[in-house]
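A quick write-up on the structure given underneath.
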Amino acid sequence: MTDESDKIQSQRDDALAELSDVIEQARYKSLGEGRIRSPEKERIRLKYLRVIISALSTRRKYLADKDLEELSERLDRLEEHRDIDS
């Protein structure tokens, strides 16, 4: 890995950790013991649920990008190995 790809990977890992925190906090507020129970605050609960959906979607995209990058690196290594054997 290059310094640039290490930096990108580190940023992705940080973003994934932050997204996980956001998801857990929103779950706690909307579904857990911290749930907002008064009817007039139900709209706040719905906003937390939207946060969960958005954060999960973003996290999924980050993980898909990470998988694609890992596959690309693996393919590059296989091609290099094939070129060496040829």
Side-chain angles (χ1 to χ4, degrees):
M1 274 191 174
T2 66
D3 289 338
E4 185 64 25
S5 63
D6 287 342
K7 180 180 176 184
I8 291 169
Q9 184 60 44
S10 176
Q11 290 172 341
R12 280 189 186 141
D13 290 343
D14 291 346
L16 287 170
E18 288 178 30
L19 286 167
S20 293
D21 291 343
V22 167
I23 292 164
E24 287 309 310
Q25 180 64 23
R27 275 191 186 140
Y28 174 77
K29 285 294 190 181
S30 63
L31 304 171
E33 293 176 22
R35 182 167 175 193
I36 301 161
R37 298 196 188 279
S38 66
E40 64 270 5
K41 293 185 181 175
E42 184 66 15
R43 64 180 174 75
I44 294 171
R45 181 178 159 298
L46 294 174
K47 287 182 181 182
Y48 276 111
L49 291 172
R50 286 185 193 106
V51 168
I52 292 171
I53 292 167
S54 177
L56 286 170
S57 175
T58 302
R59 184 171 67 176
R60 181 190 52 78
K61 289 175 187 175
Y62 271 103
L63 291 172
D65 288 348
K66 181 180 176 182
D67 287 344
L68 285 174
E69 186 174 305
E70 289 172 356
L71 285 172
S72 176
E73 289 173 0
R74 183 174 178 207
L75 180 60
D76 289 344
R77 286 192 305 271
L78 287 171
E79 288 175 347
E80 286 174 10
H81 183 67
R82 184 189 61 161
D83 291 343
I84 292 172
D85 290 343
S86 296

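Just so you know, these numbers come straight off a predicted model, no measurement behind them. Residue numbers start at 1 and run along the sequence shown.
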Measuring from atom [atom1] of [X] to atom [atom2] of [Y], what distance do you get when rounded to the nearest 0.5 angstrom?
X	Y	atom1	atom2	value
Leu19	Ser57	CG	OG	10.0 Å
Asp14	Gln9	CG	CD	10.0 Å
Arg82	Leu75	CZ	CG	9.0 Å
Leu71	Asp76	CG	CG	11.0 Å
Leu49	Ile44	CG	CD1	12.5 Å

Side chains of Arg74 and Glu70: closer than 4.5 Å at any heavy-atom pair?
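No. Closest side-chain heavy atoms not under 4.5 Å.
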Main chain of Leu68, side chain of Ser72: is a donor-acceptor contact present, judged purely on distance under 3.5 Å?
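Checked: no pair found.
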Checking the side chain of Ser20 only, and the main-chain atoms of Leu16 only, is there a donor and an acceptor separated by less than 3.5 Å?
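Yes, because the side chain of Ser20 sits within donor-acceptor range (under 3.5 Å) of the backbone of Leu16.
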Shortest non-hydrogen contact between Ile23 and Ile52, atoms and distance
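Closest approach of Ile23 to Ile52: O-CG1, 4.1 Å.
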With a 4.0 Å cut-off on N to O distance, would you call Arg27 and Glu24 a salt bridge?
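Salt bridge between Arg27 and Glu24, a charged N being under 4.0 Å from a carboxylate O: yes.
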